[in-house]
Amino acid sequence: MPAPGAPPDFSAAASTPARRAGLLTAEAVFGAVLFVLAFGLFFYLTRVVFREHSQVFDNWGFAQMDALRAAAPWLTWWVFKLTFFGSVLFFVPASLLVPLVLYRRGYGRYAVELLLSMGGGLVLNELLKAWFHRDRPTTALIYQYGLSFPSGHAMMSMAYYGCLAWLAVQHGGRWGWAVLLIGWSLLIGLTRVYLHVHYPTDVVAGFAGGAAWLVLLRTGIRLFWKEDKKLVSKQASKVAIDK
């Protein structure tokens, strides 16, 4: 009587879909936590600025940047160069050319994400500025038109570079690039405080608003493209072919 054969091992076939489902769950949890923190911080800042009228954080932030400028005046030249990468003059061509490059290389979905991130972020920023209607600091080192809260440089930098960071993690898990891109956006926001064209609370609120918008956008895209069903379908097809 022949010995019974070992039962077929389906763990390898199921491991990839299970792992992918786990990653999607982790992303959903991270996105939910990030949205709650970002929205909560933005709401807290609106209370501090418009209800409590507190200037403690703003005065402290300006004092730190003034001390830095006095200690290292040569930084001012670099600050003017760096702040350009959060301006309209940079973002308009960058928001068109980079998605075009992504599309031509076969990453049409990434191109759409970046376009929506910038377009929606711009509209949201303008609506928030019109709603809160906060004037800019009177101590600005350079003239800047428009309103102050939240900072457009900070919010759009988080929307643009934050979206690129998200895509870098999605495409190959490039966490190093993601950290560099987020750090770059934070530096751009700090230049606005350095130049006194935004209050520190404007900049922090811009970062929080940009992060919350990215989470909402990502959630909407996942629902629209129904990522979970597509991933399961592809993995099921692959397993069936392998069999």
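Remember, predicted model here, so these are calculated numbers, not experimental data.
- Pairs passing the side-chain hydrogen bond (donor to acceptor under 3.5 Å, both in side chains) check and including a residue from residues 67-79, sequence neighbours excluded, read Asp66-Arg69, Thr76-Tyr194.
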Kindly list each side-chain donor-acceptor pair under 3.5 angstrom involving residues 177-186, sequence neighbours excluded, with atom names and distances?
residue, atom, partner, partner atom, Å
Trp184, NE1, Tyr161, OH, 3.4
Ser185, OG, Ile182, O, 2.7

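- Closest approach of Phe85 to Ile188, counting heavy atoms only: O-CD1, 3.6 Å.
- With contacts defined as side-chain heavy-atom distances shorter than 4.5 Å, the pair Met156/Val88 does not qualify.
- In this structure a side-chain-to-backbone donor-acceptor pair under 3.5 Å is present from Asn59 to Gln55.
- Residues Leu141 and Val197 are not in side-chain contact: their nearest non-hydrogen atoms beyond the backbone lie 4.5 Å or more apart.
- Going from atom CG of Leu124 over to atom CH2 of Trp213 covers 7.0 Å, rounded to the nearest 0.5 Å.
- Here Val56 is tied to no hydrophobic group at all, with no ILVMFWY side chain closer than 4.5 Å.
- Across all non-hydrogen atoms, the minimal contact from His198 to Pro137 is C-CG, 3.8 Å.
- Of the possible donor and acceptor atoms, none in the side chain of Arg47 sits under 3.5 Å from a partner among the backbone N and O of Glu52.
- In this structure a side-chain-to-backbone donor-acceptor pair under 3.5 Å is missing from Ser157 to Ala154.
- Taking both residues in full, the closest heavy atoms of Ala208 and Leu41 are given as CB-CD2, 4.2 Å, listed atom of the first, atom of the second, then distance.
- Shown here is Phe62, whose CZ atom has more than 12 heavy atoms of other residues, nucleotides or ligands within 6.0 Å.
- Remark: the backbone N or O of Glu113 is not paired with any side-chain donor or acceptor of Ser117 at under 3.5 angstrom.
- Residues Val215 and Phe35 approach most closely at CG1-CB, 3.8 Å, considering heavy atoms.
- In this structure, the side chains of Val98 and Tyr160 come closer than 4.5 Å at one or more pairs of heavy atoms.
- The side-chain heavy atoms of Val169 and Arg174, taken from C-beta on, include no pair separated by under 4.5 Å.
- By the neighbour-count criterion of 12 heavy atoms within 6.0 Å, atom CZ of Phe84 is densely surrounded, having more than that number from other residues, nucleotides or ligands.
- Of the possible polar contacts, none joining the Thr83 side chain to the Val79 backbone as a donor-acceptor pair under 3.5 Å is found.
- Residues Phe149 and Tyr199 keep their aromatic ring centres 6.0 Å or farther apart.
- Here the side chains of Gln64 and Val193 are not in contact, with every heavy-atom distance at 4.5 Å or above.
- To the nearest 0.5 Å, atom CG of residue Leu96 and atom CG of residue Leu114 are 10.0 Å apart.
- For the pair Leu45 and Ala205, the tightest heavy-atom approach, listed with the atom from each and the gap, is CD1-N, 3.5 Å.
- One finds the NE2 atom of His133 at 13.5 Å from the CG atom of Leu128 (value rounded to the nearest 0.5 Å).
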Margin query: One pair to check against side chain to side chain donor-acceptor pair (under 3.5 Å): Arg134 and Thr201. What are the steps and the verdict?
Written below: CA-CA 11 Å; Arg134 188 187 196 186; Thr201 45; 2.9 Å; yes
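- Counting heavy atoms of neighbouring residues, nucleotides and ligands inside a 6.0 Å radius, atom OH of Tyr44 does not exceed 12 of them.
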